[in-house]
Structure formats: structure tokens, C-alpha cells
Undergrad: 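Could you have a look at this structure, given as C-alpha cells, before my questions?
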Amino acid sequence: MYENITRDEYDTMTEEKNIALVIIFSIITCGIYNLFWIYHMVKAETAFLESEKSVPGVFFCNILVPFYSWYWLYDRSKSVAMRADKIGM
């Protein structure tokens with residue numbers, strides 16, 4: 001699914017964000033920046049795990065289904081940790 005992503009695009013997707021700035025920007029923009037951040041988190045996670053899941057589908061579940069985002073963060077953090085161990089990160 002993401003085999004056409006270049007290394008530079010992947011690095012840009014996965015660059016570390018300052019959580020304090022994410023919170024401040026989310027407050028200033030009344031939550032719009034938070035939606036942008038969630039979308040990019042889902043996209044980077046999907047690329048890293050080489051998943052076939054639909055990015056828009058997971059994104060909309062995160063914003064529309066109560067408490068799904070907490071479950072998603074818990075579940076994906078386990079998957080990312082297992083994948084990182086496999087590739088020696």
C-alpha cells in the first residue's frame with residue numbers, strides 16, 4: 001500500500017512533534033489542528049506497520065466513535081512495539 005513512499009516522505013510523516021505545541025495549536029484552532037495531527041498519526045502508523053487498513057476509515061473512527069481513540073492508541077502502541085522489535089529498533 002505504501003511501497004511508493006520515499007524515505008524523505010516517511011521521515012517527514014514520522015518526525016517527532018512537540019506535544020505541548022500540538023495541545024496549544026489544538027486549543028487555538030478549536031480542535032482543527034488535533035484532527036490534522038490524528039490523521040498524520042494514523043497515516044504514519046499505517047505506513048510503519050505496512051498495514052492494509054484504510055487511513056480515512058481509521059481516522060473517522062477515531063473522531064466519531066467515543067473512546068475508540070484510546071483503544072486505537074493502546075492497540076497500535078503494542079503493534080508498533082512488536083514491529084520495532086522485529087526490525088531491531
Side-chain angles (χ1 to χ4, degrees):
M1 180 173 207
Y2 287 100
E3 51 277 333
N4 295 330
I5 290 180
T6 65
R7 181 67 182 172
D8 289 336
E9 290 172 327
Y10 184 77
D11 288 343
T12 301
M13 262 192 328
T14 58
E15 71 184 25
E16 194 171 315
K17 305 265 193 270
N18 183 336
I19 192 68
L21 288 178
V22 171
I23 293 170
I24 290 170
F25 290 152
S26 294
I27 292 170
I28 290 172
T29 62
C30 299
I32 294 171
Y33 185 80
N34 188 42
L35 298 177
F36 170 78
W37 183 60
I38 290 171
Y39 178 79
H40 281 281
M41 254 189 355
V42 169
K43 189 174 174 182
E45 173 265 338
T46 303
F48 179 73
L49 294 177
E50 298 173 349
S51 176
E52 294 296 323
K53 289 184 179 178
S54 163
V55 172
V58 174
F59 170 71
F60 284 118
C61 280
N62 266 305
I63 62 172
L64 297 177
V65 178
F67 303 109
Y68 179 78
S69 61
W70 291 358
Y71 166 75
W72 179 82
L73 286 170
Y74 171 74
D75 184 54
R76 294 296 92 191
S77 64
K78 289 191 316 184
S79 298
V80 167
M82 286 179 7
R83 171 89 169 134
D85 285 343
K86 275 186 187 177
I87 63 173
M89 287 181 74

Undergrad: Determine whether Ile28 and Leu21 fall in the same hydrophobic cluster, where Ile, Leu, Val, Met, Phe, Trp and Tyr are linked whenever their side-chain heavy atoms lie under 4.5 Å apart.
TA: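 No, no single cluster joins them.
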Undergrad: Evaluate whether atom CZ of Phe25 has more than 12 neighbouring non-hydrogen atoms of other residues, nucleotides or ligands under 6.0 angstrom away.
TA: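 Incorrect, the count does not exceed 12.
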Undergrad: Report the distance from atom CD1 of Ile38 to atom CZ of Phe60, rounding to the nearest 0.5 Å.
TA: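 Reported to 0.5 Å precision, the distance equals 11.5 Å.
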Undergrad: In terms of heavy-atom contacts, does OH of Tyr71 have more than 12 from other residues, nucleotides or ligands at under 6.0 Å?
TA: no
Undergrad: Hey, are the side chains of Tyr33 and Ile24 touching, using non-hydrogen atoms and a 4.5 Å cut-off?
TA: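 Sidechains of Ile24 and Tyr33: no contact.
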Undergrad: Same cluster or not: are Ile27 and Leu35 linked, directly or through other Ile, Leu, Val, Met, Phe, Trp or Tyr residues, by side-chain heavy atoms under 4.5 angstrom apart?
TA: yes
Undergrad: Roughly how far, to the nearest 0.5 Å, is CD1 of Ile19 from CH2 of Trp37?
TA: 4.0 Å
Undergrad: Residues two or more places apart in sequence or in another chain: which of them pass ring pair (Phe, Tyr, Trp, His ring centres under 6.0 Å) with Tyr74?
TA: none
Undergrad: Following the transitive rule for hydrophobic clusters with a side-chain heavy-atom cut-off under 4.5 Å over Ile, Leu, Val, Met, Phe, Trp and Tyr, establish whether Trp72 and Phe67 coincide in one cluster.
TA: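 Shared cluster, no.
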Undergrad: For Val58 and Tyr68, work out which heavy atoms get closest and say how close.
TA: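 Looking at all heavy atoms of both residues, the shortest contact is O-CE2, 4.3 Å.
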Undergrad: Are Tyr39 and Leu64 joined in one hydrophobic group, where the rule is that I, L, V, M, F, W and Y side chains link up if heavy atoms are under 4.5 Å apart?
TA: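 Yes, Tyr39 and Leu64 fall within the same hydrophobic cluster.
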